Amino acid sequence: MPLPRPVSDTLIELLKPVASELGERLGASAVNERYAEIEPSGSSALNQQIKKDPRWIKAQVRYLQRQQAREQELIAIADAEERVKEERANRIKAQEVRDKRAISRLCRDLMREFQSEAIRVKLSEIQTIWDRDNWFSNLSRQETEQILQQQQHRLLLLVAPAKISQDCPDSFRHNLNIELPAKLRAFLNQHYPPHGELCPVQFYGDYFKKSISDIDVERLQTVLSPVPTAILYSDISDYEVNFHVGFWGVINQSVSLVAMQPWNWEEVYQQLEAEGKDKKLSLRIIRQIIVTIHKLLAAFLADLYYLNIDFTHEPQLFNLEAEFAQEWFSKDWAKPYIETLKEIQEQQRIVYKGEMRRLALREAKARAERQRLEEAELKRRKEAEAAAKRVKELAHKFKHQKWRCVYTLPGHSSFVNSLAISPDGKILASGSWDKTIKIWDLETTELIGTLTGHSDRVNSVAISYDGKMLVSGSSDETIKFWNLHNGDLLCTFPGHSMEVNSVAINPKGEIIASCGGADNTIKLWNLRTGELLRTLKGHSDNVNSVVFSPDGKILASGSSDATSKVWDVESGKLLRTLSGLNVGVNSVAIAPDGQILASVSNDYTIKLRNLHTGSLLRILNTNYAKGKGVTNLGTNEALHILQNYVSRGDSVAISGDGLTLVSGCDDNTINIWNLQTGELLSSLKGHSGTVYSVAIAPSGNLLASGSADQTIKIWRCD
């Protein structure tokens, strides 16, 4: 027999606001706490700790991957037979449930793990707290310690004895505090067992020795703050019941206190009597209503808590409508609580889907990055293997290469001081101490013409990258510009205060660099107008050589002050100074890839450095007897040193393919080096004087050498 409709409606109106308030205060706030990306300001330290834990991230990624696989499988079975489709769909659903439960277990395990330190601190403080506040003497200290030491993360639910007025019927004072904990324990053990997998609740019905108030809840929180706790307590006067809820969680550790509107039990009692029920039955019904309200609140708080910390939680209350629709009761009692849980569950799902989308995006980006790195690593390995194979093949090839002198070009009447080969490899220009420049056809070795105009020795010649112009620097302190094809002198302008030791043209044919003797400077000129753009100062002795990088942005110089310097062409800023071994630098060259700077010093060494960092890569040493071992320069200076007895180097050139380095020496020889390995491939003999200049044709298989014996020799590699 159901309750009278007015009684039932009154109870529904009484219970409904509490569902809304609890959901708002304990639910929505916890959703925001859990998903800090939605509400970063509400994020707790514990929540962030869990979300950043590699185990949690790994589990979420694995869950996402398995979820995507299940979705694909469901699509794949869409056209299968109904029996097969149903079987596979059930199997997929079971997998989904198992995965969700695994996520739930991990969430609770991490919470318990991360709270262990806070629990340890509380255990150490218990004695002090018990001594400070006499109220705690009403509690069981042993049970309190057991609660803190429990290994499984679960909600603690406590019910306090109802505070019952002496004016209440004996039925209340004699029976309610017996029925309430007993029936609540039975209810929770059945639907929220303490060792259950889904939503465990640890229930104590006799933890409190007497009734409690709000202040007692706040006192207890000082001890049990690391344990998520819900406390139900009530007080009953001679005509009404006041229901109270105290709550704190791991995510939101502040105490929440919620009170229902007073329920006028006396009014209900009178209505039941009017319906013809006797006094004993009417009071029993009222006691049962009070117990049922406690059950409803307990179930709601348990589901609310687990829903807030675990997106996979399916509230048990959804399946308990029958529990609250027994004789005298209406299922509408639980409806506002179920609706509140469904609303929060939907919020969770929306937030979770957003988080999964972000996780999927991060995972896709991470997967793409891993794939990119793997592809880059594979490419690097292939390139390294190809390079190693190429080096091996080239080393074999170089070892069997034979360089031979194919022509000797007489014509100069003094030292041949400088050589330059045109970009097409067809023309050779030579500068000599005899004050002339000679232009040669490399294919026929015929002398095309002799350029005269300098009044002192010609120290340097350079051909523009378009092959149309020749620039020369001389000890007569001038720089001259020539038309390479017809030999016309285009212009002359003064260069330095004494001799011009070296000239270079940038790749675009816009700028000339020149270096002088006594003034220790480098000058940059506009090639078309002859205008001085800037003067670079920094060397403390004669500057002997300058060279542009392949992109024209960097200029390198070598000086008798025992340093090489690297300059920014556009600004003229000195980028770095590369120290030698207290001996002058005679010549510098830059590899075609713009990475290696080679410098020749009076200490009989050729140093190879990284142009952009200045780090020493390798030394080609020509001052030690063969086979004496490697000089130790330290791990930051050189990879290894190759030693072969020759003599002081005066010039250096690098082939267009970046594989070969050629150096001229004062023992009248030309050394051929493998630039990649530093191996000395061969020494070419034939000159009878110091080799002052070398130049390699772009093809790499032809080189020219100029010597103090007044000749130029053309060498070819078979």
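Because the structure is predicted, anything quoted here is derived from the model rather than measured.
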Q.
Is it the case that atom CD in Gln65 sees more than 12 heavy atoms from other parts of the structure closer than 6.0 Å?
A. yes

Q: Could you tell me the separation between the SG atom of Cys665 and the CD1 atom of Ile670, rounded to the nearest 0.5 Å?
A: 9.0 Å

Q. Counting distance only, does the side-chain N/O of Asn501 pair as donor-acceptor with the main-chain N or O of Asn544 below 3.5 Å?
A. no

Q. What pair of heavy atoms forms the shortest contact from Val500 to Glu477, and how long is it?
A. CG2-C, 4.0 Å

Q.
Quick check for you: to the nearest 0.5 Å, what is the distance between Arg367 atom CZ and Gln371 atom CD?
A. 9.0 Å

**Q.** Flag, side chain of Thr408 to backbone of Lys713, donor-acceptor distance under 3.5 Å
**A.** no

Q) Is the closest side-chain heavy-atom distance between Lys365 and Glu369 below 4.5 Å? A) no

Q: Determine yes or no for a side-chain-to-main-chain donor-acceptor pair under 3.5 angstrom, with Ser116 supplying the side chain and Glu113 the backbone.
A: yes

Q) Is any side-chain heavy atom of Leu490 less than 4.5 Å from a side-chain heavy atom of Met469? A) yes

Q. Mind checking what makes salt bridge (charged side-chain N to carboxylate O under 4.0 Å, His left out) contact with Glu377, not counting sequence neighbours?
A. Arg380, Arg381

Q: Look only at the side chain of Arg576 and the backbone of Leu611, and say whether a donor-acceptor pair between them is shorter than 3.5 Å.
A: yes

**Q.** Least distance between heavy atoms, Gly509 atom then Ile505 atom
**A.** CA-CG2, 4.0 Å

Q) Do you see a donor-acceptor pair shorter than 3.5 Å between the side chains of Trp482 and Ser472? A) yes

Q: Could you check if a side-chain atom of Ser432 sits within less than 4.5 angstrom of a side-chain atom of Val458, using non-hydrogen atoms only?
A: no

Q.
Using a 3.5 Å distance criterion without hydrogens, assess whether the side chain of Thr563 forms a donor-acceptor pair with backbone atoms of Lys565.
A. no

Q) If you look at every heavy atom in Phe493 and Gly530, which pair is closest and at what distance? A) CE2-CA, 4.0 Å

Q.
Is a donor from one side chain sitting under 3.5 angstrom from an acceptor on the other, for Asn668 and His687?
A. no

Q: Would you sort out whether Ser430 and Lys438 count as a side chain to side chain donor-acceptor pair (under 3.5 Å), showing the intermediate values?
A: CA-CA 5 Å; Ser430 59; Lys438 293 188 180 292; over 6 Å; no

Q: For Leu442 and Ile714, run side chain to side chain contact (heavy atoms under 4.5 Å, CB included): C-alpha distance rounded to whole Å, both residues' side-chain angles, the deciding distance at 0.1 Å, then the answer.
A: CA-CA 8 Å; Leu442 274 177; Ile714 307 299; 3.8 Å; yes

Q) Where the side chain of Ser418 meets the backbone of Val461, is there a donor-acceptor pair that is under 3.5 Å apart? A) yes

Q | Chi angles and distances behind the side chain to side chain contact (heavy atoms under 4.5 Å, CB included) call for Leu575, Trp567 | A | CA-CA 5 Å; Leu575 300 178; Trp567 312 80; 5.8 Å; no

Q | Side chain to side chain, Leu419 and Leu428, heavy atoms closer than 4.5 Å | A | yes

Q. Ile439 versus Leu484: any side-chain heavy-atom pair under 4.5 Å?
A. yes

**Q.** Set of residues satisfying salt bridge (charged side-chain N to carboxylate O under 4.0 Å, His left out) with respect to Arg62, sequence neighbours excluded
**A.** none

Q | Spacing of Cys491 atom SG and Lys480 atom NZ [to the nearest 0.5 Å] | A | 9.0 Å

Q. Judged by atom type as modelled, is there a donor-acceptor pair below 3.5 Å linking the side chain of Glu443 to the main-chain atoms of Ile427?
A. no

Q: Nearest 0.5 Å please: distance from the CZ atom of Arg457 over to the OG1 atom of Thr436.
A: 14.0 Å

Q. Looking at residues at least two apart in the chain, or sitting in another chain, which of them share a salt bridge (charged side-chain N to carboxylate O under 4.0 Å, His left out) with Glu510?
A. none

Q) Given Lys523 and Leu533, is the side chain to side chain contact (heavy atoms under 4.5 Å, CB included) satisfied, shown in steps? A) CA-CA 8 Å; Lys523 295 183 183 293; Leu533 300 176; over 6 Å; no

Q. If we only count heavy atoms from C-beta on, is the Phe481 to Thr492 side-chain gap below 4.5 Å?
A. no

Q. Shortest non-hydrogen contact from Ala598 to Leu608?
A. CB-CD2, 3.6 Å

(Q) I need the Ile596 CD1 to Ile590 CD1 distance, nearest 0.5 Å. (A) 11.0 Å

**Q.** Atom of Ile479, atom of Trp525 and distance for their closest heavy-atom approach
**A.** CD1-NE1, 3.6 Å

Q. Which one of Asp561, Thr577, Thr521 satisfies the side chain to side chain donor-acceptor pair (under 3.5 Å) criterion with His539?
A. Asp561

Q | Minimum heavy-atom distance His612-Asn610, with the two atoms named | A | N-OD1, 2.8 Å

(Q) Quick check against the 3.5 Å criterion: does Ser545 have a side-chain atom that pairs as donor or acceptor with the backbone of Val588? (A) yes

Q. Would you find a donor on one side and an acceptor on the other, under 3.5 Å apart, between the side chain of Asn542 and the backbone of Ser560?
A. no

Q. Can you find a side-chain donor-acceptor pair between Asn671 and Ser683 that sits under 3.5 Å?
A. yes

Q: Answer yes or no: is there a donor N or O on one side and an acceptor on the other, between the side chain of Thr690 and the main chain of Tyr692, under 3.5 Å?
A: no

Q | Euclidean distance, His485 NE2 relative to Ser422 OG, rounded to 0.5 Å | A | 8.0 Å

Q: Show your working on ring pair (Phe, Tyr, Trp, His ring centres under 6.0 Å) between Trp715 and Tyr407 and close with a plain yes or no.
A: CA-CA 7 Å; Trp715 309 79; Tyr407 299 108; over 10 Å; no

Q | From CA spacing to verdict: side chain to side chain contact (heavy atoms under 4.5 Å, CB included), Leu524, Arg534 | A | CA-CA 5 Å; Leu524 300 180; Arg534 62 185 60 88; 3.8 Å; yes

Q: May I ask you to decide if the ring planes of Phe415 and Trp433 are parallel, tilted or perpendicular, using 30° and 60° as cut-offs?
A: tilted

Q) Do Val61 and Leu64 come close enough that some side-chain heavy atom pair is under 4.5 Å? A) no

Q | Pairwise side-chain contact, Leu659 with Leu675, heavy-atom cut-off 4.5 Å (strictly under) | A | no

